2 protein chains.
Amino acid sequence: MTAATPDTEPDLLALDQQVCFALAVAARSVIALYRPVLEPLGLTHPQYLVMLALWQHRRLTVKELGGLLQLDSGTLSPLLKRLVSVGLVTKARDGRDERVVVVELTETGSALRQQALAVPRAVMARLRMDVGDLVALRDSLTSVIAAATTAGPPPAEQSQT
Amino acid sequence: MTAATPDTEPDLLALDQQVCFALAVAARSVIALYRPVLEPLGLTHPQYLVMLALWQHRRLTVKELGGLLQLDSGTLSPLLKRLVSVGLVTKARDGRDERVVVVELTETGSALRQQALAVPRAVMARLRMDVGDLVALRDSLTSVIAAATTAGPPPAEQSQT
DNA sequence: TGCAGATCAATTGTGTGCAATCGGATTGTA
DNA sequence: TACAATCCGATTGCACACAATTGATCTGCA
């Protein structure tokens, strides 16, 4: 039980640090689990996420990709450049709006999906974990993402000047 | 739309991807919450974690730091170099074992703790989130970290020792 | 004593991730 | 038609994060 004493402050502060540190370590650990599985495909984890988005949508602008993956162009530009260099995707400016760059799968990129289908199972094999725990984790993560992304800066600053 | 069909295989595979992606996004989002709070202290989030460890232990070897934070020397070396350059910590080789590098707080580094005490509260103010959800998240994360770090490569290789 | 193997930190190279800025293109407005 | 504001992606600079290698040191064993 959570002792409902008025002085719960210290616990909350400690909890915050535990959660953030655990979040960072967990993300790195799970991504590390993907590494050997993705290595035969020649993909890093972020590249795998980009390919997942393209396998689903076939054709996306850089901005759309950034929205889906929560990444900006500073990260996506070099990443896509590498995917282009290995022949998995193509980049081309949209004729109707020359500002927009459309990313599209190549034949090779589409074909890679077949090998990628085995990835989730392989990762799950390494991460032997209770399904219920996994569902609970996903729900918790959804809450944090919502709280962290909607939360404006602090509560609200009184305008001064 | 969570269809509870007896053929749960596809759902599990999809869930797996959601979890890992959500983990990456959540970690980045929460670390982004720390950024403006840590900025007045002149610290990045990984640097803040190193300082937290030193405020607690006062004196640690690079290896001990790596064990506590789950980071290797390739990450810690340049990070510590920056903390040394701004005068928060010192590095010195151990006299008894010249391979070991001992990291220690300077006066400035110790004094910074006073300002850092306000950090958790400020982050919690930005992350307006139910405490129960936070506890659930921490517990879930603990499970994943345990599962991801203890899990050897694939299921099991035939012993060859 | 002497040497092979292990340990530890640093370094190098690659790949994200983010802030800030730039240049080209489009859109709204006068 | 001009022109300012906006939008979009690329680029630059900095800071992790990890694999692989290197160099210095220590330890165990013959």
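Residue numbers begin at 1 in each chain, while the letters A, B, ... track the order of the sequences. Treat the numbers as computed from the prediction; the structure is a model and nothing was measured.
Taking a 4.0 Å limit (strictly below) on heavy-atom distances, residues 56-75 of chain B reaches DNA chain C at Thr61(B), Val62(B), Lys63(B), Ser73(B), Gly74(B). Within residues 77-88 of chain B, the residues approaching DNA chain D are Leu79(B), Arg82(B), by heavy-atom distance under 4.0 Å. Non-hydrogen atoms lying under 4.0 Å from DNA chain C are contributed by Thr44(A), Pro46(A), Gln47(A), all within residues 38-53 of chain A.
With DNA chain D read from its 5' end, the first of the two nearest nucleotides for Ala32(A) and Val101(A) is the one closest to Val101(A).
In this view, Arg35(B) satisfies the salt bridge (charged side-chain N to carboxylate O under 4.0 Å, His left out) rule with no residue, not counting sequence neighbours. Under the salt bridge (charged side-chain N to carboxylate O under 4.0 Å, His left out) criterion, Asp94(A) pairs with Arg96(A), not counting sequence neighbours. By the side chain to side chain donor-acceptor pair (under 3.5 Å) test, Arg113(B) pairs with no residue at all, sequence neighbours left out. For Ser110(A), the side chain to side chain donor-acceptor pair (under 3.5 Å) partners are Arg58(A), not counting sequence neighbours.
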Dump the intermediate steps for side-chain contact (heavy atoms from CB on, under 4.5 Å) on Thr150(B) and Arg128(A), then the final yes or no. CA-CA 10 Å; Thr150(B) 65; Arg128(A) 280 182 289 287; over 6 Å; no
side-chain contact (heavy atoms from CB on, under 4.5 Å) between Trp55(B) and Val50(B), intermediate numbers included: CA-CA 9 Å; Trp55(B) 284 322; Val50(B) 167; over 6 Å; no
Derivation and outcome, side-chain contact (heavy atoms from CB on, under 4.5 Å), residues Val84(B) and Val103(B): CA-CA 9 Å; Val84(B) 170; Val103(B) 182; over 6 Å; no
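In this structure, Leu60(B) is not a member of the same hydrophobic cluster as Val102(B), with clusters built from ILVMFWY side-chain heavy atoms closer than 4.5 Å.
Side-chain nitrogen and oxygen atoms of Lys91(B) include none within less than 4.0 Å of the OP1 or OP2 phosphate oxygen of dA9(C). Contact between the side-chain N/O atoms of Arg28(B) and the OP1/OP2 oxygens of dC18(C) is found at a separation under 4.0 Å.
Using a distance-only test at 3.5 Å, with no hydrogens or angles considered, no donor-acceptor pair links the side chain of Gln114(B) to the main chain of Ala111(B).
With hydrogens and angles ignored, a donor-acceptor pair under 3.5 angstrom links the side chain of Arg99(B) to the base of dT7(C).
When the local axes at the two ends of the helix from dT1(C)-dA30(D) to dA30(C)-dT1(D) are compared, using 5 base pairs at each end, they differ in direction by 0° after rounding to 10°.
The closest side-chain donor-acceptor pair between Glu39(B) and Tyr34(B), if any, does not fall under 3.5 angstrom.
Within the structure, side-chain hydrogen bond (donor to acceptor under 3.5 Å, both in side chains) contacts touching residues 98-108 of chain A (residues at least two apart or in different chains) are Arg59(A)-Glu104(A), Asp97(A)-Arg99(A). Listed by first then second residue, pairs satisfying side-chain hydrogen bond (donor to acceptor under 3.5 Å, both in side chains) with a partner in residues 79-93 of chain B number zero, not counting sequence neighbours. Sorted by first and then second residue, the side-chain hydrogen bond (donor to acceptor under 3.5 Å, both in side chains) pairs with a member in residues 66-76 of chain B read Asp72(B)-Thr75(B); sequence neighbours excluded.
One finds the CG atom of Leu68(A) at 9.5 Å from the CG atom of Leu54(A) (value rounded to the nearest 0.5 Å).
Mapping heavy-atom proximity under 4.0 Å, the span of DNA chain D touched by chain B runs 5' to 3' from dA15(D) to dC26(D).
Between the P atom of dA20(C) and the CZ atom of Arg35(B) lies a distance of 11 Å, rounded to the nearest Å.
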